[in-house]
Amino acid sequence: MSENIPTKNFIQKIIDDDIKNGQQNLKFRFPPEPNGYLHIGHAKSILLNYGLAEEYDGSCNLRFDDTNPSTENQEFVDSIKSDVAWLGFNLDKDPLFASDYFEKLYEFAHELINKELAYVDSQDQETIKLQRGTLTKPGINSPFRNRDKETNIQLFQQMRNGDFNEGEHVLRAKIDMSSPNLNMRDPTIYRIRKITHYRTGDKWNIFPMYDFTQCLSDAIENVTHSICTLEFEDHRPLYNWVIENIDLNCKPKQIEFARLDLSFTITSKRKLHTLVTEKKVNGWDDPRLPTLKGLKKRGITPTILERFCKLVGVTKKDALIDVSLLETCARDEFDKKAPRLMAVLDPVKVIIENLPENEEISIEAQNHPKDKTFGTRKLKLTKEIFIESTDFEENPPKKFFRLSVGKSVRLRYGFVITCTRIDKDQNGNINTIYCNYIPKTLNGVNPEGQKIKGIIHWVSASENMKLKVNLIDRLFSVAEPNRENDFLTALNPTSLVEMANAIGETNLLEFVSQTVQFERLGYFTVENQTIGSDCLVYNRTITLRDSWGKMKKN
RNA sequence: UGGGGAGUCGCCAAGUCGGUUAAGGCAACGGAUUUUGAUUCCGUCAUGCGUAGGUUCGAAUCCUACCUCCCCAGCCA
C-alpha cells in the first residue's frame, strides 16, 4: 500500500487556527469510563489524542471518567491502563481520575448555586421526566426552580452528608426549560448514590453527572482541546455553559468526530458484553473480538492499528470501514516483518519411494524471500513427509497447480516430486500419497523439458512438532451485524476452526516471540501461555491473499 | 415532528474565499514477474460530487428548495 498524500484533517485545521490566534501549550485527553474493555474504536481516539499531542508538542492525559459507582471498577481501570500502554502511551505517567476532583467539583456546584444558576429539585425522577417536555414540546419549570440560595445550599450539603435517600433530591442547572436542545432543559448535575465507589469508598453520597464533570475536569487539567465523539455534539452548548458560568482560567474547546465502525464486527459495549457473558466467544481477549486484548492475542500490533487509523482518517461522517483495510495493514506489516516457516495444518503422508530409507537431504532455507537479514535455517527432507490435504486432488479442477496422480510439484526449497499412486482406507480417505522425486531439481532447477508451476509446503515426518492452530476468521458473516434484528444470528459459525493435528518444522521454536508466516497459509501468532508447553497453540492473525481460492469460488 | 450533525466511485477520503482531464488508499477486474497461486510491478475503475432549480463565461465548490441517513426526551457516559 503506497503512502497517500498527507492532508490535515478538520481537527488539525481547527488547531492550526487556534495556534494562529495565539494559543499555546496544547493539551488533550483520553477519558474512558472504567466500565468495560477498550476496543479498536477507542484505539482510534487514543491514537488521535496522543498523536495530536505529539504533533503539536503538547501533552495528553489518560483520565478515568469515574462518576458512576454502579458500573465502574478497578479491574477495568487496570485493563484500560495496560491497553493504553500497549499502544505506547502514558507509559511513565500515572493516570488521572475524575473522582480525584470530587471535592473541587462540589465547590464548583456551590458556585453555581451561589450564582443562582443551580437548584435542588425535590421531585421524583418520573415527575422530572414528565416536565422535561418532548422533542417538539417545551418543558415546564420545576416548582423548586426558584428556591432561595440558602435552602439550596443547605439541601445540597445534606445531600452530601447522606441525610437523604437516593432519588429524593437532585441538583439541577438552571438554564432553560423551553430550549429546543433537551440537554439545556435544566439538566441534572448531581444525584444521590449510596453505593461504594471503587476509589472513594463511602466518602461520597452524591456523584456529579457527565455533563458537569467532563468539562470541569478538562478545565482543571488545562485541556485545550477536548475531543469526543459525535453523539456529544448537542452537549456542547451545555459544556460551554458550565465553563462560562464558573470562574475558571481555562476554556477548553470541545470538538466532535465520528467514531470508528468496522464491518463484520461489533463495537457496542453492550453487545460485546453479551458475546462474552453468553459464551459466544472465549472471554474479552478472544482473538475474534475487536477488543484491544483480543486484537493483541490475535497478533495484531499497535503499529498496524496506527497505520490503519491513519488511513481511515478523521471526519464527522458516520462511516463503516471495510475490515479489508485492517487486513491489508496487517499483511503489509507482516510481509516485511514476519519470518517464513512451514507448518501443515491438516497433514497427509507422502512417501517418496525412490528416496532411500535413511537418506536426509539437508536444505538451507531462506527465512524471508526478500530480506537476507532474516538469515536461513536448516530443513531435513526425508523419505516420509507430510503435506497439506488440500494440496492433493484426486480429480483436479482446471488450473490446479498442485498434486494429483501423474502430476508434479516442487516441495518448497526442495526437489520436484511426481505422484505415482495413492492408498486409501476402507472409508475412501487418503492414507498415503506415493511419489518419486526427480533428481537434480534442487535449488529451483526445473526437470528437463518442463516448467513446474506448483510449489507446496511440507514438513518432515521424522522431524517435526505437534501444533494446535486456531483458524480465526471474521466473527460475523454479514457486513453490518448491527443492522440485524438479532445480531447473534449473524455470527459466523466458522469464525474459529481448531486444527488439532497440525504439525510444524521444529525451527518454529526459535521464533515463538514473533508473528511468523506459515508459508502459503498466512501469518500466525503463538498464544503466549503455551510457550514452553509440549504443544504450542497458534492463532491465525491473517490469511495470505488467496487468488486461487477466489478463482475457485467464481 | 423541535434541535444538532452528515451526504464526493462498492468502502474510506482529498478537494470548499468558483477556473486545467474530481487526489490517494481499500475493494474489484485485467496483465507481467515470482522456488509462497504470497510479495512486487503495470494497467482498468466518478462527463460525475444526495436531488431539482438558479447565479456565472465557468460550480463538487455560491444561492434556493427538497430528499436521505445519524444523534438527542438517563438521577448513563
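On a predicted model such as this, the values are computed, not experimentally measured, just so you know. Convention: sequence-line order gives letters A, B, ...; per-chain numbering from 1. As a basis for the values below, the full set of heavy atoms in this structure was taken, side chains included, without hydrogen atoms, waters or symmetry mates.
- B:U64 is paired with B:A52 under the criterion used here, namely a Watson-Crick or G-U wobble arrangement in which both key atom distances are under 3.5 Å.
- To the nearest whole angstrom, the two C1' atoms, one in B:A65 and one in B:G25, are 36 Å apart.
- One interatomic measurement links the two molecules: CG of A:L311 to C1' of B:C12, which rounds to 9 Å at whole-angstrom precision.
- Using a 30° and 60° split on the angle between ring planes, A:H42 and A:H39 fall in the tilted class, from 30° to 60°.
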Distances under 3.5 Å only, N/O to N/O: pair up the protein atoms with those of nucleotides 36-38 of chain B.
unit_1, atom_1, unit_2, atom_2, d
B:U36, O2, A:Q517, OE1, 2.5
B:U36, O2, A:R520, N, 2.9
B:U36, N3, A:Q517, OE1, 2.6
B:U36, O4, A:R340, NH1, 2.2
B:G37, OP1, A:R520, NH1, 3.0
B:G37, O2', A:S547, OG, 2.2
B:G37, O2', A:W548, N, 3.4
B:G37, N7, A:R402, NE, 3.0
B:G37, N7, A:R402, NH2, 2.6
B:G37, O6, A:F401, N, 3.0
B:G37, O6, A:R402, NE, 3.3
B:G37, N1, A:K399, O, 2.7
B:G37, N2, A:K399, O, 3.1
B:A38, OP1, A:S547, OG, 2.8

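- Going from atom CG of A:D234 over to atom P of B:G4 covers 9 Å, rounded to whole Å.
- Between the side chains of A:Q254 and A:Q214, not a single donor N or O lies within less than 3.5 Å of an accepting N or O.
- Nucleic acid contact for A:Q123: base, since at least one base atom lies under 4.0 Å from a heavy atom of the residue.
- For the C1' atoms, the distance linking B:U8 with B:A46 amounts to 9 Å, nearest Å.
- Taking atom P in both B:C41 and B:U33, one finds a spacing of 16 Å when rounded to whole Å.
- Note: A:Y210 and A:H235 have perpendicular aromatic rings, judged against thresholds of 30 and 60 degrees for the angle between ring planes.
- Nucleic acid contact for A:R410: base, since at least one base atom lies under 4.0 Å from a heavy atom of the residue.
- Contact annotation for A:V170: base contact, defined as any heavy-atom pair under 4.0 Å involving a base atom.
- Comparing B:C26 with B:A14, their C1' atoms are spaced 15 Å from each other, to the whole Å.
- Between A:F207 and A:Y190, the ring centre distance reaches or exceeds 6.0 Å.
- In a base pair of the Watson-Crick type (N1 to N3 plus N6-O4 or O6-N4) or a G-U wobble (N1-O2 and O6-N3), with each distance short of 3.5 Å, B:G19 is matched with B:C57.
- In this model, no donor atom of one side chain and acceptor atom of the other lie less than 3.5 Å apart for A:E519 and A:Q517.
- Annotated as anti: B:G31, whose O4'-C1'-N torsion sits more than 90° from 0.
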